[in-house]
Amino acid sequence: MNSEILGIIAMYGIVLLLAIPLGRYIGKIFNYENTWLDKVFNPLDRLFFKIGGINPDREMTWKQHLMALLVINLFWFLLSMFVLTNMEWLPLNPDKNPSMSGDLAFNTSVSFVTNTNLQHYSGETGLSYLGQLTLMLWQFISAGCGMAICAMVFNAMKERTATSLGNFYSYFVRSCTRILLPLSTIVAVILVVNGTPMTFEGKDSITTLEGKEQLVSRGPVAAFVAIKQLGTNGGGFYGPNSAHPMENPNYLTNMVETISLFIIPIAMVFAFGYLLKRRKLALTIYGVMTAGFLMLLMTSVTSEMRGNPLIDRMGIAQSMGSMEGKEVRFGAAASANWATYTTCTSNGSVNAMHDSFTPIGGMAALLGMMVNCFYGGVGVGFLNFYIFMILAVFISGLMVGRTPEFLGKKIEAKEMKIAMIIALLHPLLILAGTAIASHVYTGNPEEYASWLANPGYHGFSEMLYEFTSSSANNGSGFEGLGDNTPFWNIACGIVMLMARYLPIIGPVAIAGILAAKKYVPESSGTLKTDTATFGFMAFAVIFIVAALSFFPALTLGPIAEYFSLYK
Amino acid sequence: MKQNIMPAIRLTLFCAVFFSGIYTMAIWGVAQLTPNKGKGDVVEQDGKQHYINIAQGFTKPEYFWPRPSAVDYNAAGSGGSNKGPSNPQYLEMIQQRIDTFLLQNPAVNAEDIPSELVTASGSGLDPNISIQGAKVQVKRIAAARKIDELKLVKLIEENTEAPLLGALGTEKINVLKLNLALDKLK
């Protein structure tokens with residue numbers, strides 16, 4: 001079989017093999033069961049709590065969880081603003097890079113604190129090493145924050161009737177130290193051994209074989225890239241992210257990075273099954289997510305491997321597929337594979353330039369972010385899926401004339417209203433944002449000429465992609481968009497804020513309200529949620545709410561471009 | 001809210017010390033054990049250092065050429081072209097690259113040019129080309145260096161990098177390594 005295809009099959013196989021035990025481990029961490037790593041981590045966690053002045057045993061209600069989350073996130077934002085606007089005189093700046101403007105610092109701070117990692121700057125020239133290390137801190141703790149809140153929701157679903165749902169800080173510290181830290185260390189060491197730089201020295205100047213001067217950026221790259229991948233963050237050290245041959249030097253590192261961006265989101269589903277002792281339900285959820293994911297993956301891979309028909313017409317050989325914006329050491333299949341992984345999980349790192357993808361490849365990437373719960377980001381991806389499950393339970397309950405119950409709790413009007421608002425928020429932010437941007441652009445195309453790198457349908461796709469990526473807290477881009485302008489910095493900043501915190505508040509509120517309700521034991525009248533029928537129902541709800549609301553916009557962008565290539 | 005402020009500040013500052021400080025230094029410590037102390041993979045030939053993973057912008061006819069770069073091989077400001085597949089300006093640029101290549105390699109037919117030789121890579125620093133991408137340049141280099149074509153074909157074979165474990169990913173050639181070996185060939 002084709003070695004490129006074999007490569008991507010191997011990657012998924014390894015992810016699955018590793019995610020099952022990791023899911024068990026995560027389940028144990030969130031359930032406070034003993035693990036063999038306790039000897040190291042118990043004292044370490046105690047140190048965190050002691051210095052933080054925290055009592056990890058204080059039980060919190062769902063509202064207290066949210067308050068703790070929002071306050072700590074606000075502090076991260078303020079600290080980030082300070083560092084990014086003052087990098088010029090702060091230490092660790094060997095390349096003498098400048099401080100950020102106010103609107104760019106706002107966008108970047110929001111972007112990293114919300115786990116989005118949309119980048120309107122380029123790493124080599126836009127950040128000092130202190131700036132990079134600050135952003136790396138957000139990559140750790142914003143991911144830990146998402147996992148902590150997901151742990152609270154798991155806990156709420158498990159309880160029969162409860163209002164106290166664990167301690168936010170405790171879940172948070174456990175996620176960071178016991179899950180993200182060991183995995184990042186392993187990945188970073190593999191990268192260092194394979195030639196990814198890890199140094200505090202600045203640019204190097206070399207003379208090429210032909211006698212020209214070439215400057216080479218370096219930096220503490222390996223430590224940064226590991227957590228960038230594992231925390232579904234995605235913001236690269238260098239401008240072109242993991243397409244850069246220092247950030248991702250060979251096919252082996254590409255496999256390691258691809259696997260690490262995918263492993264925790266899948267493991268969270270298995271953690272859910274372990275923690276709630278509902279393996280069949282977890283498998284149903286995994287099945288729905290995987291079906292959706294595979295459809296997008298196959299679409300993207302075939303389209304990229306086929307290449308660009310307009311280049312075929314020029315009479316050259318396109319045996320490697322569409323290669324604009326891609327790297328030879330990965331090839332078209334592994335690039336399309338990464339694109340699907342990264343957009344399905346809200347990671348947003350790239351190993352090829354999505355802007356230069358074929359129209360169908362680009363559309364698959366867009367759809368991954370529009371659905372945003374085929375695995376999804378660490379922690380929050382599961383929360384997005386939870387919303388769709390609530391909707392599916394309610395709709396199918398009505399269809400067969402049974403009271404809608406989920407895990408022994410009645411779902412009533414209040415929960416449904418919250419679920420509907422959250423489900424519709426995502427399309428609203430994306431479509432309204434794109435509509436405003438298109439309106440501004442067409443009102444004065446000359447003034448805003450620097451916005452779009454490509455004319456026509458593709459230019460529209462660039463704007464649609466930027467808002468989709470912001471709202472999905474993804475962070476990848478059609479990077480041709482000239483996005484470091486006050487309009488894009490502020491508009492995307494606002495979208496990222498709303499799209500991060502509302503979809504956390506909504507599911508947490510639903511889970512909290514349901515947890516406090518009386519437990520109704522399952523009976524013959526209960527709608528079974530761990531069956532293939534229910535899985536199909538959940539898939540249909542996702543398809544109707546997420547995919548179809550975006551269909552008109554996709555028609556104007558990638559679909560129209562596709563037909564223009566083959567006319 | 002008030003009871004969350006102090007824990008938030010203290011916890012965050014300790015996280016900064018731990019993750020940005022201790023974790024980073026630990027990885028840096030591991031890097032000191034690697035051959036070039038974490039400063040990137042380099043090779044030395046004739047007293048000059050080269051970053052083996054970073055493409056150099058070869059233009060002379062006696063060297064193998066790498067893929068086009070949207071940033072002129074600037075390894076301190078890398079990036080791709082971000083041109084879309086239907087962009088007319090972009091397609092015109094590809095056609096020009098094909099024409100230029102045919103002009104500089106008169107013995108080559110268009111259908112033998114692999115597309116990666118006329119499309120820009122994602123980073124602008126792609127160190128690799130396909131085997132066909134190297135073979136198609138053999139006649140030009142043989143003429144410029146006045147050496148036997150077969151020697152060059154053999155050199156390409158020796159420098160071909162197989163897929164990972166012989167089965168995963170692409171087969172490729174590192175242009176810089178190939179050119180370094182070419183300079184050693186006398």
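A note on names: the letters A, B, ... follow the listed sequences, proteins ahead of strands, and every chain is numbered from 1. Hydrogens, waters and symmetry mates are skipped; everything else that's a heavy atom, side chains included, is used.
Ranked by non-hydrogen atom pairs under 4.5 Å with chain B, the options A:A243, A:P197, A:G7, A:A223 are led by A:A223. Highest contact tally toward chain B, considering only A:A334, A:G219, A:S319, A:P455, is held by A:P455 [criterion: heavy-atom pairs under 4.5 Å]. Heavy-atom pairs under 4.5 Å with chain A were tallied for B:G40, B:S86, B:S130; the largest tally goes to B:S86. Comparing B:N53, B:I52, B:N174 by heavy-atom pairs within less than 4.5 Å of chain A, the highest count is held by B:N53. Counting heavy-atom pairs closer than 4.5 Å to chain A, the top residue among B:V30, B:L165, B:I54 is B:I54. Note on A:G239, A:G315, A:G459: by heavy-atom pairs under 4.5 Å with chain B, the leading option is A:G315. For the options B:L13, B:I173, B:T24, B:D41, heavy-atom pairs under 4.5 Å to chain A are most numerous at B:T24. For the set B:N109, B:L180, B:T59, the entry with the most heavy-atom pairs within less than 4.5 Å of chain A is B:T59. Listed options B:P85, B:A26, B:A8, B:A31 were ranked by heavy-atom pairs under 4.5 angstrom with chain A; first place goes to B:P85. Put simply, of A:K203, A:E462, A:M320, the one with the most heavy-atom pairs under 4.5 Å next to chain B is A:M320. For chain B, the option among A:M11, A:Q132, A:Q318 with the highest count of heavy-atom pairs below 4.5 Å is A:Q318. Ranking A:L133, A:V216, A:V173, A:L209 against chain B, the residue ahead of the rest is A:L209, based on heavy-atom pairs under 4.5 Å.
Contact annotation for A:R313: neither backbone nor side-chain heavy atoms come within less than 4.5 Å of a heavy atom of chain B. When heavy atoms are compared at a cutoff of 4.5 Å, A:L180 does not approach chain B at all. If you measure heavy-atom distances from A:A352 to chain B, you find no contacts under 4.5 Å at all. When heavy atoms are compared at a cutoff of 4.5 Å, B:P7 approaches chain A by way of both its backbone and its side chain. With a 4.5 Å cut-off on non-hydrogen atoms, B:Y23 touches chain A through its side chain but not through its backbone. With a threshold of 4.5 angstrom between heavy atoms, A:P359 approaches chain B through its backbone and through its side chain. Proximity to chain A is limited to the side chain of B:P88, based on heavy atoms less than 4.5 angstrom apart. For a residue to count as touching a neighbouring chain, one of its non-hydrogen atoms must lie under 4.5 Å from one of that chain's; by this rule B:T34 touches chain A with the side chain only. In this structure, no portion of A:N241 lies under 4.5 Å from any heavy atom of chain B. Heavy atoms of B:Y73 lying under 4.5 Å from chain A belong to its backbone as well as its side chain. Residue contact with chain A, scored on non-hydrogen atoms closer than 4.5 Å, is absent for B:A70. Both the backbone and the side chain of A:S184 come within less than 4.5 Å of a heavy atom in chain B. Contact of A:L252 with chain B is made through backbone and side chain together, with heavy-atom distances under 4.5 Å. The parts of B:K39 that come within reach of chain A are both its backbone and its side chain, each placing non-hydrogen atoms under 4.5 angstrom from that chain. Heavy atoms closer than 4.5 Å to chain B are found in both the backbone and the side chain of A:L215. Using a 4.5 Å cut-off between heavy atoms, B:L91 touches chain A through backbone and side chain atoms alike. For a residue to count as touching a neighbouring chain, one of its non-hydrogen atoms must lie under 4.5 Å from one of that chain's; by this rule A:E327 touches chain B with backbone and side chain alike. Interface remark: A:K212 contributes side-chain atoms only to the contact with chain B (heavy atom separation under 4.5 Å). Using a 4.5 Å cut-off between heavy atoms, A:E201 contacts chain B through its side chain alone, with no backbone atom that close. At a 4.5 Å heavy-atom cutoff, the contact between B:L164 and chain A is made by side-chain atoms alone. For A:H244, the parts lying under 4.5 angstrom from a heavy atom of chain B are both the backbone and the side chain. The contact between A:E561 and chain B is made entirely by side chain atoms (from C-beta outward), counting heavy-atom distances below 4.5 Å. A:T185 touches chain B through backbone and side chain together, each having a heavy atom under 4.5 Å away.
Proximity of A:L47 to B:F18: side-chain heavy atoms (C-beta onward) are nowhere separated by under 4.5 Å. Side chains of A:F330 and A:E4 form no contact here, defined as non-hydrogen atoms less than 4.5 Å apart. Contact annotation: the side chain of A:V221 approaches that of A:Y238 to within less than 4.5 Å [non-hydrogen atoms, C-beta and beyond].
Smallest separation of non-hydrogen atoms from A:Y129 and A:T199: CE1-O, 4.4 Å. A:P240 and A:E124 make their closest contact through CD-OE2, 4.3 Å (heavy atoms, listed as atom of the first residue, atom of the second, distance). Residues B:Q132 and B:D112 share a closest heavy-atom pair of NE2-O, 2.8 Å. Of all the heavy atoms in A:P245 and A:R329, the pair that sits closest is CA-NH2, 3.1 Å. Taking every heavy atom of both residues into account, A:S335 and A:N351 meet most closely at CA-OD1, 3.5 Å.
Taking the six-membered ring for Trp and the full ring otherwise, the centers of B:F14 and A:F48 sit less than 6.0 Å from each other.
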Mind running salt bridge (Lys or Arg N to Asp or Glu O under 4.0 Å) on B:D183 and B:R145 for me, showing each step along the way? CA-CA 10 Å; B:D183 269 357; B:R145 296 204 168 222; 3.1 Å; yes
Going through the checks in order, is the side chain to side chain contact (heavy atoms under 4.5 Å, CB included) test met by A:Y169 and B:N4? CA-CA 10 Å; A:Y169 299 111; B:N4 288 317; 3.0 Å; yes
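Enclosure of atom CD in B:E158 by more than 12 non-hydrogen atoms of other residues, nucleotides or ligands within 6.0 angstrom is indicated. Residue-environment remark: NZ (B:K37) stays at or below the threshold of 12 foreign heavy atoms within 6.0 Å. Environment of CD in B:E92: sparse, with no more than 12 heavy atoms of neighbouring residues, nucleotides or ligands closer than 6.0 Å.
Under the 3.5 Å distance criterion, with hydrogens and angles disregarded, no donor-acceptor pair is assigned to the side chains of A:S322 and A:N308. Defined by atom type and a distance below 3.5 Å, a donor-acceptor pair is present between the side-chain atoms of A:E324 and B:Y90.
Using a 30° and 60° split on the angle between ring planes, A:F168 and A:F172 fall in the parallel class, below 30°.
Checking each of B:K83, B:R67, B:R97 against B:T119 for a side chain to side chain donor-acceptor pair (under 3.5 Å) leaves exactly one that passes, namely B:R67. A:V187 pairs in a side chain to side chain contact (heavy atoms under 4.5 Å, CB included) with only one of the listed residues (A:I190, A:L191, A:V189), which is A:L191.
With rounding to the nearest 0.5 Å, the separation of CD in B:E62 from CD1 in B:I147 is 11.0 Å.
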